[in-house]
Each structure stands twice: as C-alpha cells, then as structure tokens.
2 protein chains.
Amino acid sequence: MSEIKKQLFEQLALITQSLASPQRIELLDYLAQAERSVDELSQLTSLSTANTSRHLQILKQNGLVLMRKQGKSRLYKIAGDDVIQLISCLRRTAENHLAEVTRLKQNILPSYIDKEAISSKELLSKMNTCAILLLDVRPLKEFEQGHIKGAVNISPESIEQKINDIPHDKTVVAYCRGPYCAYSYQMVEALRQRGLKALRLEEGFPEWKAAGLPFEINQVV
Amino acid sequence: MSEIKKQLFEQLALITQSLASPQRIELLDYLAQAERSVDELSQLTSLSTANTSRHLQILKQNGLVLMRKQGKSRLYKIAGDDVIQLISCLRRTAENHLAEVTRLKQNILPSYIDKEAISSKELLSKMNTCAILLLDVRPLKEFEQGHIKGAVNISPESIEQKINDIPHDKTVVAYCRGPYCAYSYQMVEALRQRGLKALRLEEGFPEWKAAGLPFEINQVV
DNA sequence: ATATCATTCAATTACTTAATTGAGTAAGGA
DNA sequence: TCCTTACTCAATTAAGTAATTGAATGATAT
C-alpha cells in the first residue's frame, strides 16, 4: 500500500485512540451538553483534576475539543457537530453489535422503559399539527447554553415541584441529554401518573443540534 | 455517575479500541469493498497471516466484522452498514480537525485534484434528467459483490484498453472505493484528455450502499 | 499578597501492541 | 489414507503506551 494511505490510516487511528478510553468518552458526553471548566468536569466524572486535565489535553491535541481561557478557568467544549455525530454513530454501532449494551440499556431504568418515544422528525411534524408543550429536562446551565427552539426548562431536581403547573390541555414531549440519560424517562413517568399525555423524544439535545434542527440559546446574564 | 453508565461507556470504548489501530482500520477499509479470506487480506495489507488473523479476531470479538467458513477458507465481511457509516464519520472528523489529514489528502494525487466531484444526491437527480454513463472503477471481484445500480465495470488495470470504447454522447460519472482511492481520479483524468465530459462521484460504493441507495449484485458464477 | 484554577512533572503501575513461533485443527484433493 | 492448504491458538517477546497520583509550578483575579 502507498505510504500516504498508511499515514492517512494512522491519522484516523489518532482519533479512535482518543476515543478509546471510557473516561474520555464520558468527558465528551458531558461536553456535548455544555462548555465546562476542568474543575467542573473533574467533579462530574470523579477523576482527579490532574487526570481530567491530561485527558482533556489528549482530546484537544487530536482535535475533538476546543479550549478557551476565561478568567482563572479554562473552558473546554466539543470541537464541532461532526464529533457529536461520530459519538452517535459509535453508540449505534455498539447497540447493534454488542449484546452487552442491549442488556445494560434494559437495566438502566427498568421501570421507565418507554416504547412510545418519538423521533425528531415526528416531533417536527407534530409541532405543526397539534398543541405540544416541549420540556427540556436538564440542569439550567445546559439549557442556557442551547435548547430546542420553543422548549421550556424544568431541571431534574425541580420535577416534583413544578409538575403541577403543567397544563393538561397539551401533549407534553420531554427530552434530555440523550439516549443514556434518565431525566426524560422520569419526567414522562411522573406526568403519566398524573394522567397527562406525555411522550419522550428519542434524541437528546446534542443530536438535535448536530442534525441542524432549530435551536436557540439563552445568554447567561 | 451510575455504575451502569460507566459500563456503557466501557462498551463504547471496546468499539473504539478495536478501531484504535491503523492496521485494523486498513483491514476494515478492504472489507468495506468485499468479503475476503484471511489470506487475501494478509496479502493486501502485507501483514503476516497469523497477525492478520489476530487482528480480524479482535474486530470480530467486538462485533465489527462477521466470519463464515467456506471450504478451506474463512471469509470475513463488515458486520453492517452502521460500521461503514461509523468509519465515514471518523474520516469526516479527521478531515475537519486534523491539519495533517488535509495535507496528506492534497498529496495523495496532486495531479488529479478535481473540484468537479458530484455528490450521490446530485448523481441521482442527474440520472433522471440526462444521459449518464456510470462507471465502476474497481477490481472485478469488488464489482461482482455489489455495485451502484446501472453501473458498468472497468477495472483499474483495463482503463487504457477499454477507454476508447466509451461513447462520446453521454456524460460519464466514475466512482471507486471511496475518498482515499485513486481509481476514479485516474479514470476522469484519462477521459478528459480524450475530450469526453467526465465527473467523479465523491462517495465510494460502500458509502452509497450504507446510505440505502439502490445497488445490485452480480452473483459470482 | 494571596487564593484559585489549571498545567506540568516525575514516578509508578498497569496494560497494549505487533510480531513471532510452533503446535494444532479442519477441509479437500490425490 | 495421507498430504496440502488455510487458518487458529496459545504463549512469548520487546517495545511502547496509558492511567493515575501528588507535588511543584504557572497564570490570573481580587
């Protein structure tokens, strides 16, 4: 094989090597939601600061995340929508070919398994034809850095507190971080117990945004 | 973080770890074109048989390829279209974020750089509106295992020999293995030197098939 | 100046990788 | 039946890479 082709494969392997660590995948999973500092990420993942910093540098070196300095902190974010799509592809492949993933997904939330999830496409068409209340069930910080156009935020901790304010005349669609996130399941479960019509969006916000669908950002004050 | 989420990330890392070796990416690149035996792959990649076999087993263990026995040989093939899409995503990410890839791609065939490539979408619409001759520029074996519907095969070695038979009244579109493959560039170059109107399809056959676009298979006799 | 946040360094431990060897198996042909 | 071909397997090598920690250093804001 040509030398150049070999070198190209080596470059592709740089990307996969960056992704070949559960810790770094977890970091990317958090970064897919919002830009964050080393310290925040270190707390979210329970890795030491030094270790988190090193993992982030490997990701940065291979182009998967970007960094900017802000005051005392350094904020990291996903380098682009293509990276989110790559992780989505990865998830899909794992689900299709690794039996263990299927098993784990069934265990993640046995009581909330919901066959009635709708796709982004279905949501878009429903929004045109009937009254939908779109709920973003993620921490406020993530909502502020981007959410589906028209969505209303109810952070996971405040579900119980705010749930009674939700009007009964609309179909509720809830979404959260993505396929491995429990929040939208919990929300749908809670709404149904109260007799509301509730559906879960299959995709999370990162996939929605990466697909080029309409979203909006609330500037942090 | 929940234990299950950690385990899910570990499963994702199994896939990326399988892909985290230039040799295995190369093997997958060949397998994306056609089902092949260990021996064939060993010759294509210049790896020893035992080494090739071992790499293939790692890929198989993590669900990226499938194996079947046929007579004395064991034939390996890509496990599914999702794997081809994953590799496409990977390539895209590498091109977007690694400067070295851009540099290498410019070097791969400096004389054949062609801005006039068309996408699969454009090809499909062109096929409805004007007379197109679609050329598959890959070895016959790969063509036989699947090619774009309506395509005619001219194997890379026989370009010079068959090129004068190509009618001048049609627009020629040539495709080959994919973005890192030189054959379609060579074909377009040769056709243009003879004054024919020729375009290159951006995508290779694996991407076309993985996108669910129409293809056909010639059964090997 | 001092506190805060992050990076870097050095050292340790653990794992991965590629390649090789030699034995072993299984299918098919002579 | 035995030989050849095609591949696998298990064990081993050497080299390399990775993950992690704690301490030291560097940068920035108050």
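When each of A:Q17 and A:G71 is assigned the nucleotide of DNA chain D bearing its nearest heavy atom, the one mapping closer to the 5' terminus is A:Q17. Mapping A:S21 and A:K69 onto DNA chain D by nearest heavy atom places A:S21 at the nucleotide closer to the 5' end.
Contact check, B:Y76 against D:dA6: no side-chain N or O comes under 4.0 Å of OP1 or OP2. Within the 4.0 Å cut-off from OP1 or OP2 of D:dA6, not a single side-chain nitrogen or oxygen of B:T49 is found.
Atom CE in A:M67 sits about 13 Å away from atom P in D:dA27, given to the nearest Å. One atom, CD1 of B:I25, and another, C1' of C:dT17, lie 14 Å apart when rounded to the nearest Å. Rounded to a whole Å, the CD atom of A:Q23 is 13 Å from the P atom of D:dA18. Look at CD on A:E10: it is 11 Å from P on C:dA18, rounded to the nearest Å. Regarding B:R24, its CZ atom lies at a distance of 11 Å from the P atom of C:dT16, rounded to whole Å. Protein atom CZ of B:R54 is 12 Å distant from nucleotide atom C1' of D:dT8, rounded to whole Å. A:L56 has its CG atom 15 Å from the C1' atom of D:dT20, to the nearest Å. Here D:dA6 presents its P atom at 18 Å from CG of B:L47, a figure rounded to the nearest Å.
Taking 4.0 Å as the cut-off between side-chain N and carboxylate O, B:K209 and B:E203 do not count as a salt-bridged pair. Ion pairing of B:R92 with B:E95 is absent here, as no side-chain N (NZ or NE/NH1/NH2) approaches a carboxylate O to less than 4.0 Å.
Counting non-hydrogen atoms under 4.0 angstrom, A:T52 reaches nothing in the nucleic acid. Residue contacts shown for A:N51 include a base, since a base heavy atom lies under 4.0 Å away.
Comparing atom distances between the B:R74 side chain and each of D:dT20, D:dT8, C:dA6 picks out D:dT8 as nearest. The side chain of A:H55 sits closest to D:dA19 out of D:dT5, C:dA6, D:dA19. Nearest to the side-chain atoms of B:Q57 among the listed nucleotides C:dA19, D:dC9, C:dT7 stands D:dC9. Closest approach to the B:D39 side chain among C:dT7, D:dT8, D:dC7 is made by D:dC7 (side chain taken as heavy atoms from C-beta onward). Nearest to the side chain of A:S73, among D:dA19, C:dG28, C:dC5, sits C:dC5. Distance from the side chain of A:S53 is smallest to C:dT7 among D:dA6, D:dT28, C:dT7. In this structure, the nucleotide among D:dA19, D:dT21, D:dC7 sitting nearest to the side chain of A:S48 is D:dT21.
Within the 3.5 Å criterion, the main-chain N or O of A:Q17 finds a donor-acceptor partner in the side chain of A:R24. Although no hydrogens or angles enter the test, the distance criterion places a donor-acceptor pair under 3.5 Å between the side chain of B:S48 and the main chain of B:N51. Put simply, the side chain of A:E207 never gets that close to the backbone of A:G178: no donor and acceptor are under 3.5 Å apart. Put simply, the side chain of B:E40 gets close to the backbone of B:S37: a donor and an acceptor are under 3.5 Å apart.
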